[in-house]
Amino acid sequence: MASDRRIREYRKGPVTLKGSQVPSTTSDQRLLDSDAGGSFTHTDPWRVLRIQSEFVEGFGALAELGPAMAVFGSARTPSDSPEYALGEELGRLLVDAGYAVITGGGPGAMEAANKGASEAGGVSVGLGIELPFEQSMNEWVDMGVNFRYFFARKTMFVKYSRGFIVLPGGFGTLDELFEALTLVQTQKVTQFPVVLVGRAYWQGLLDWLRGPVLDGGKIRDADMALIEIVDTAAEAVELVVKADRDREVGTELHEDQMESVRGTRYDGA
(Lines give C-alpha, C1' and ligand atoms only; values in the text may rest on other atoms or scores of the structure.)
Protein backbone atom coordinates (compact mmCIF):
# COMPACT_ATOMS: atom_id res chain seq x y z
CA MET A 1 0.00 0.00 0.00
CA ALA A 2 2.83 2.39 0.87
CA SER A 3 4.46 1.67 -2.48
CA ASP A 4 1.22 2.53 -4.33
CA ARG A 5 1.01 5.81 -2.41
CA ARG A 6 4.55 6.77 -3.47
CA ILE A 7 3.72 6.05 -7.11
CA ARG A 8 0.73 8.44 -6.93
CA GLU A 9 2.90 11.28 -5.63
CA TYR A 10 3.56 14.08 -8.13
CA ARG A 11 6.35 16.56 -7.56
CA LYS A 12 5.87 20.03 -9.00
CA GLY A 13 9.05 21.85 -8.11
CA PRO A 14 9.16 21.95 -4.32
CA VAL A 15 5.45 21.04 -4.07
CA THR A 16 4.17 17.45 -3.71
CA LEU A 17 0.70 16.68 -5.09
CA LYS A 18 -1.50 13.59 -4.76
CA GLY A 19 -4.87 12.30 -5.86
CA SER A 20 -7.10 14.84 -7.59
CA GLN A 21 -4.42 17.52 -7.33
CA VAL A 22 -2.14 15.79 -9.84
CA PRO A 23 -2.19 17.88 -13.08
CA SER A 24 -2.69 16.35 -16.50
CA THR A 25 0.23 18.28 -18.06
CA THR A 26 3.73 19.29 -16.94
CA SER A 27 5.17 22.78 -16.55
CA ASP A 28 7.49 22.19 -19.53
CA GLN A 29 4.55 21.10 -21.66
CA ARG A 30 2.54 24.21 -20.79
CA LEU A 31 5.55 26.47 -21.37
CA LEU A 32 6.23 25.03 -24.83
CA ASP A 33 2.59 24.68 -25.93
CA SER A 34 2.18 26.67 -29.15
CA ASP A 35 -1.63 26.49 -28.98
CA ALA A 36 -1.97 28.68 -25.90
CA GLY A 37 -3.34 31.60 -27.90
CA GLY A 38 -3.11 35.09 -26.44
CA SER A 39 -3.05 33.84 -22.86
CA PHE A 40 0.75 33.57 -22.98
CA THR A 41 0.97 37.36 -22.58
CA HIS A 42 -0.42 36.94 -19.08
CA THR A 43 1.36 33.75 -18.01
CA ASP A 44 4.87 33.86 -19.51
CA PRO A 45 6.16 36.77 -17.40
CA TRP A 46 5.28 34.78 -14.29
CA ARG A 47 6.95 31.71 -15.74
CA VAL A 48 10.14 33.73 -16.14
CA LEU A 49 10.11 34.43 -12.40
CA ARG A 50 9.46 30.77 -11.66
CA ILE A 51 12.33 29.74 -13.93
CA GLN A 52 14.56 32.27 -12.22
CA SER A 53 13.62 30.83 -8.85
CA GLU A 54 14.65 27.34 -9.98
CA PHE A 55 18.11 28.60 -10.89
CA VAL A 56 18.39 30.48 -7.60
CA GLU A 57 17.31 27.44 -5.56
CA GLY A 58 19.63 25.12 -7.49
CA PHE A 59 22.64 27.41 -7.25
CA GLY A 60 21.97 28.02 -3.57
CA ALA A 61 21.69 24.32 -2.74
CA LEU A 62 24.72 23.15 -4.73
CA ALA A 63 27.17 26.06 -4.52
CA GLU A 64 29.07 24.55 -1.60
CA LEU A 65 28.75 20.92 -2.67
CA GLY A 66 32.42 20.51 -3.52
CA PRO A 67 33.86 18.14 -6.14
CA ALA A 68 31.13 15.96 -7.66
CA MET A 69 30.54 13.50 -10.48
CA ALA A 70 27.25 12.79 -12.21
CA VAL A 71 25.98 9.25 -12.80
CA PHE A 72 23.24 8.67 -15.38
CA GLY A 73 21.30 5.54 -16.22
CA SER A 74 17.88 4.02 -16.69
CA ALA A 75 15.14 4.51 -14.13
CA ARG A 76 13.92 1.06 -15.15
CA THR A 77 17.04 -0.84 -14.08
CA PRO A 78 15.88 -3.69 -11.75
CA SER A 79 17.32 -3.66 -8.25
CA ASP A 80 18.48 -7.26 -8.59
CA SER A 81 20.34 -6.71 -11.88
CA PRO A 82 24.11 -6.51 -12.52
CA GLU A 83 23.64 -2.94 -13.76
CA TYR A 84 22.15 -1.92 -10.40
CA ALA A 85 25.10 -3.49 -8.58
CA LEU A 86 27.41 -1.62 -10.94
CA GLY A 87 25.69 1.66 -10.04
CA GLU A 88 26.14 0.97 -6.33
CA GLU A 89 29.83 0.27 -6.86
CA LEU A 90 30.23 3.47 -8.84
CA GLY A 91 28.66 5.51 -6.06
CA ARG A 92 30.90 3.94 -3.46
CA LEU A 93 34.12 4.31 -5.45
CA LEU A 94 33.40 7.95 -6.29
CA VAL A 95 32.92 8.75 -2.61
CA ASP A 96 36.14 6.89 -1.79
CA ALA A 97 37.88 9.09 -4.38
CA GLY A 98 36.59 12.25 -2.67
CA TYR A 99 33.56 13.14 -4.79
CA ALA A 100 29.90 13.73 -4.14
CA VAL A 101 27.54 11.78 -6.44
CA ILE A 102 24.82 13.54 -8.44
CA THR A 103 22.00 11.64 -10.16
CA GLY A 104 18.52 12.41 -11.43
CA GLY A 105 17.22 11.26 -8.06
CA GLY A 106 14.91 8.62 -9.48
CA PRO A 107 14.76 4.82 -9.21
CA GLY A 108 16.82 2.22 -11.05
CA ALA A 109 20.42 3.07 -11.92
CA MET A 110 20.08 6.48 -10.30
CA GLU A 111 18.96 4.96 -7.02
CA ALA A 112 21.85 2.49 -7.18
CA ALA A 113 24.47 5.23 -7.44
CA ASN A 114 22.81 7.26 -4.69
CA LYS A 115 22.68 4.18 -2.48
CA GLY A 116 26.35 3.38 -3.02
CA ALA A 117 27.33 6.96 -2.22
CA SER A 118 25.12 7.22 0.85
CA GLU A 119 26.22 3.89 2.31
CA ALA A 120 29.86 4.91 1.77
CA GLY A 121 29.28 8.00 3.91
CA GLY A 122 29.45 10.49 1.04
CA VAL A 123 27.11 13.20 -0.22
CA SER A 124 24.32 11.71 -2.33
CA VAL A 125 22.52 14.30 -4.48
CA GLY A 126 19.33 13.93 -6.52
CA LEU A 127 18.13 16.47 -9.09
CA GLY A 128 14.50 15.54 -9.67
CA ILE A 129 12.24 16.60 -12.52
CA GLU A 130 8.49 17.00 -12.88
CA LEU A 131 7.26 14.06 -14.98
CA PRO A 132 3.95 12.21 -15.43
CA PHE A 133 5.69 9.04 -14.13
CA GLU A 134 8.73 7.90 -12.12
CA GLN A 135 8.23 10.77 -9.71
CA SER A 136 9.43 9.83 -6.27
CA MET A 137 12.91 10.88 -5.17
CA ASN A 138 14.68 7.69 -4.13
CA GLU A 139 15.29 7.10 -0.43
CA TRP A 140 19.09 7.27 -0.74
CA VAL A 141 19.18 10.94 -1.73
CA ASP A 142 20.64 13.08 1.07
CA MET A 143 20.27 16.37 -0.79
CA GLY A 144 17.37 16.62 -3.21
CA VAL A 145 16.41 19.51 -5.48
CA ASN A 146 13.25 19.25 -7.58
CA PHE A 147 12.83 21.09 -10.88
CA ARG A 148 9.90 21.90 -13.13
CA TYR A 149 12.03 22.65 -16.18
CA PHE A 150 14.52 20.35 -17.85
CA PHE A 151 16.84 23.14 -18.95
CA ALA A 152 17.28 24.45 -15.41
CA ARG A 153 18.00 20.94 -14.15
CA LYS A 154 20.48 20.24 -16.95
CA THR A 155 22.37 23.41 -16.10
CA MET A 156 22.90 22.13 -12.56
CA PHE A 157 24.28 18.81 -13.81
CA VAL A 158 26.81 20.51 -16.07
CA LYS A 159 27.76 23.29 -13.67
CA TYR A 160 28.34 21.16 -10.58
CA SER A 161 29.69 17.92 -12.07
CA ARG A 162 33.31 17.39 -13.03
CA GLY A 163 32.50 14.44 -15.24
CA PHE A 164 29.67 12.22 -16.45
CA ILE A 165 29.54 8.45 -15.99
CA VAL A 166 26.78 6.87 -18.07
CA LEU A 167 25.23 3.49 -17.34
CA PRO A 168 22.85 1.76 -19.80
CA GLY A 169 19.71 3.83 -20.25
CA GLY A 170 17.01 5.06 -22.60
CA PHE A 171 15.98 8.38 -24.13
CA GLY A 172 16.61 10.42 -20.98
CA THR A 173 20.08 8.98 -20.54
CA LEU A 174 20.89 9.50 -24.23
CA ASP A 175 19.64 13.07 -23.98
CA GLU A 176 22.03 13.85 -21.12
CA LEU A 177 24.87 12.06 -22.89
CA PHE A 178 24.58 13.92 -26.18
CA GLU A 179 23.91 17.27 -24.57
CA ALA A 180 27.14 16.92 -22.59
CA LEU A 181 29.07 15.91 -25.70
CA THR A 182 27.63 18.84 -27.65
CA LEU A 183 28.56 21.33 -24.94
CA VAL A 184 32.14 20.03 -24.86
CA GLN A 185 32.40 19.82 -28.67
CA THR A 186 31.23 23.43 -29.07
CA GLN A 187 33.42 24.60 -26.17
CA LYS A 188 30.45 25.88 -24.21
CA VAL A 189 31.93 24.16 -21.17
CA THR A 190 35.45 23.27 -20.14
CA GLN A 191 36.18 19.80 -21.42
CA PHE A 192 35.33 17.11 -18.93
CA PRO A 193 35.23 13.32 -19.21
CA VAL A 194 32.23 11.38 -20.49
CA VAL A 195 32.53 7.67 -19.74
CA LEU A 196 30.15 4.96 -20.92
CA VAL A 197 30.02 1.83 -18.77
CA GLY A 198 29.10 -1.48 -20.41
CA ARG A 199 30.62 -2.30 -23.80
CA ALA A 200 27.95 -4.83 -24.68
CA TYR A 201 25.27 -2.14 -24.35
CA TRP A 202 27.06 0.88 -25.84
CA GLN A 203 29.25 -0.63 -28.57
CA GLY A 204 26.51 -0.54 -31.21
CA LEU A 205 26.05 3.20 -30.67
CA LEU A 206 29.79 3.83 -30.97
CA ASP A 207 29.96 1.70 -34.13
CA TRP A 208 27.18 3.81 -35.65
CA LEU A 209 28.94 7.05 -34.68
CA ARG A 210 32.24 5.83 -36.13
CA GLY A 211 30.43 4.49 -39.22
CA PRO A 212 27.82 6.59 -41.06
CA VAL A 213 28.12 9.62 -38.77
CA LEU A 214 31.93 9.98 -38.89
CA ASP A 215 32.33 8.60 -42.40
CA GLY A 216 29.63 10.97 -43.60
CA GLY A 217 31.52 13.95 -42.24
CA LYS A 218 28.89 14.77 -39.62
CA ILE A 219 31.49 14.67 -36.84
CA ARG A 220 35.29 14.67 -36.69
CA ASP A 221 37.77 12.12 -35.38
CA ALA A 222 38.45 14.48 -32.47
CA ASP A 223 34.79 14.32 -31.48
CA MET A 224 34.97 10.57 -30.95
CA ALA A 225 37.84 11.16 -28.55
CA LEU A 226 35.36 12.88 -26.23
CA ILE A 227 33.85 9.48 -25.34
CA GLU A 228 35.47 6.75 -23.28
CA ILE A 229 34.00 3.26 -22.90
CA VAL A 230 34.80 0.76 -20.14
CA ASP A 231 33.31 -2.34 -18.53
CA THR A 232 33.93 -1.83 -14.82
CA ALA A 233 33.16 0.77 -12.19
CA ALA A 234 36.82 0.93 -11.18
CA GLU A 235 37.88 1.78 -14.75
CA ALA A 236 35.22 4.48 -15.02
CA VAL A 237 36.19 6.15 -11.75
CA GLU A 238 39.88 5.97 -12.61
CA LEU A 239 39.23 7.78 -15.91
CA VAL A 240 37.10 10.59 -14.52
CA VAL A 241 39.41 11.17 -11.56
CA LYS A 242 42.51 11.29 -13.79
CA ALA A 243 40.81 13.69 -16.21
CA ASP A 244 39.71 15.93 -13.35
CA ARG A 245 43.21 16.03 -11.87
CA ASP A 246 44.76 16.69 -15.29
CA ARG A 247 42.37 19.58 -15.76
CA GLU A 248 43.29 21.04 -12.37
CA VAL A 249 46.99 20.83 -13.25
CA GLY A 250 46.30 22.51 -16.58
CA THR A 251 44.36 25.29 -14.86
CA GLU A 252 47.17 25.89 -12.39
CA LEU A 253 49.76 26.02 -15.20
CA HIS A 254 47.61 28.50 -17.11
CA GLU A 255 47.24 30.71 -14.05
CA ASP A 256 51.01 30.60 -13.45
CA GLN A 257 51.65 31.56 -17.07
CA MET A 258 49.19 34.45 -16.86
CA GLU A 259 50.79 35.64 -13.64
CA SER A 260 54.21 35.49 -15.32
CA VAL A 261 52.89 37.52 -18.27
CA ARG A 262 51.42 40.12 -15.93
CA GLY A 263 54.71 40.32 -14.01
CA THR A 264 56.72 40.76 -17.23
CA ARG A 265 54.45 43.54 -18.40
CA TYR A 266 54.71 45.28 -15.06
CA ASP A 267 58.52 45.02 -15.00
CA GLY A 268 58.73 46.26 -18.55
CA ALA A 269 56.56 49.25 -17.72
Side-chain angles (χ1 to χ4, degrees), residues 68-94 97 99 101-117 126-127 129 134 138 150 153-154 157-158 161-186 188-189 191-244 246-247:
M69 294 288 179
V71 179
F72 298 102
S74 176
R76 297 173 177 83
T77 300
S79 59
D80 59 352
S81 69
E83 290 172 7
Y84 189 98
L86 187 61
E88 286 188 78
E89 186 180 3
L90 274 172
R92 184 179 72 255
L93 291 177
L94 285 170
Y99 294 89
V101 173
I102 305 177
T103 78
M110 294 174 281
E111 176 185 288
N114 284 134
K115 180 181 179 182
L127 305 182
I129 185 67
E134 294 164 359
N138 73 68
F150 265 117
R153 177 181 183 243
K154 289 178 177 179
F157 273 119
V158 174
S161 300
R162 297 192 178 186
F164 285 3
I165 299 177
V166 189
L167 293 165
F171 285 165
T173 303
L174 292 170
D175 174 54
E176 299 290 358
L177 167 62
F178 280 104
E179 176 144 19
L181 292 173
T182 301
L183 290 172
V184 178
Q185 179 201 47
T186 56
K188 294 297 184 182
V189 297
Q191 185 166 337
F192 60 91
V194 178
V195 181
L196 308 180
V197 187
R199 291 180 187 275
Y201 187 86
W202 294 112
Q203 193 61 56
L205 173 63
L206 293 186
D207 290 343
W208 175 72
L209 290 173
R210 289 195 183 97
V213 182
L214 179 61
D215 291 345
K218 307 301 187 294
I219 59 175
R220 302 171 301 167
D221 284 322
D223 296 328
M224 290 302 301
L226 302 177
I227 312 171
E228 299 278 3
I229 184 169
V230 298
D231 273 322
T232 69
E235 290 174 305
V237 172
E238 181 181 0
L239 282 174
V240 294
V241 170
K242 181 181 183 301
D244 186 36
D246 288 347
R247 182 176 60 180

Which heavy atom of Ile102 sits nearest to which heavy atom of Ala68, and what is that distance? CD1-CB, 3.8 Å
Less than 4.5 Å apart, side chain to side chain, heavy atoms only: is that true for Gln203 and Asp207? yes
Side chains of Pro168 and Glu83: closer than 4.5 Å at any heavy-atom pair? yes
Please report the shortest heavy-atom distance between Ala236 and Val197, naming the atom on each side. CB-CG2, 3.8 Å
Atom CG of Leu209 and atom CH2 of Trp202: how far apart are they, to the nearest 0.5 Å? 10.5 Å
If you apply the rule side-chain contact (heavy atoms from CB on, under 4.5 Å), what do you find for Phe164 with Leu177, and how did you get there? CA-CA 8 Å; Phe164 285 3; Leu177 167 62; over 6 Å; no
Which atom names give the shortest non-hydrogen contact between Ala233 and Leu86, and what distance separates them? N-CD1, 3.6 Å
Quick one: does Asp223's side chain have a donor or acceptor within less than 3.5 Å of a partner on Arg220's backbone? yes
Under 4.5 Å between any side-chain heavy atoms of Trp208 and Val213, yes or no? yes
Min side-chain heavy-atom separation Ile165-Leu90 under 4.5 Å: yes
Salt bridge check, Lys154 against Glu176: does any charged N sit closer than 4.0 Å to a carboxylate O? no
So which heavy atom on Ile219 is nearest to which on Met224, and how close? CD1-SD, 3.6 Å
I want to check something: taking the side chain as every heavy atom from C-beta on, are Asn138 and Pro107 in contact at a cut-off of under 4.5 Å? no
Ile229 vs Leu206 side-chain heavy atoms within contact, under 4.5 Å: yes
Please confirm whether the backbone N or O of Pro78 pairs with a side-chain atom of Ser81, one donor and one acceptor, at under 3.5 Å? yes
Any side-chain heavy atom of Phe72 within less than 4.5 Å of one from Met110? no
Hey, could you give me the CZ/CZ distance between Arg162 and Arg247, rounded to the nearest 0.5 Å? 6.5 Å
For side-chain contact (heavy atoms from CB on, under 4.5 Å), just list the numbers for Val195 and Val166, CA-CA rounded to whole Å, side-chain angles, deciding distance to a tenth of an Å, and then say yes or no. CA-CA 6 Å; Val195 181; Val166 189; over 6 Å; no
Would you mind reporting whether Val241 and Tyr99 have side-chain heavy atoms less than 4.5 Å apart? yes
In short, ring pair (Phe, Tyr, Trp, His ring centres under 6.0 Å) pairs touching residues 211-230 with sequence neighbours left out are none
Regarding Glu179 and Thr182, is there a side-chain donor-to-acceptor distance under 3.5 Å anywhere? no
Please check: side-chain N/O of Lys242 versus main-chain N/O of Val240, any donor-acceptor pairing under 3.5 Å? no
Any idea which heavy atoms bring Gly73 and Thr173 closest together, and the distance? C-OG1, 3.4 Å
Quick one: OH on Tyr201 to OG on Ser74, what's the gap to the nearest 0.5 Å? 7.0 Å
Over all atoms of both residues, closest heavy-atom pair of Phe157 and Ala70: CD2-CB, 4.1 Å
Value rounded to 0.5 Å, distance of CD in Glu88 from OG in Ser79: 9.0 Å
side-chain contact (heavy atoms from CB on, under 4.5 Å) for Thr103 and Val101? Distances and angles first, verdict last. CA-CA 7 Å; Thr103 78; Val101 173; 4.1 Å; yes
Would you say CD of Glu238 has more than 12 non-hydrogen atoms from neighbouring residues, nucleotides or ligands within 6.0 angstrom? no
Would you find a donor on one side and an acceptor on the other, under 3.5 Å apart, between the side chain of Arg153 and the backbone of Leu127? yes
From CA spacing to verdict: side-chain contact (heavy atoms from CB on, under 4.5 Å), Leu196, Ile227: CA-CA 7 Å; Leu196 308 180; Ile227 312 171; 3.7 Å; yes
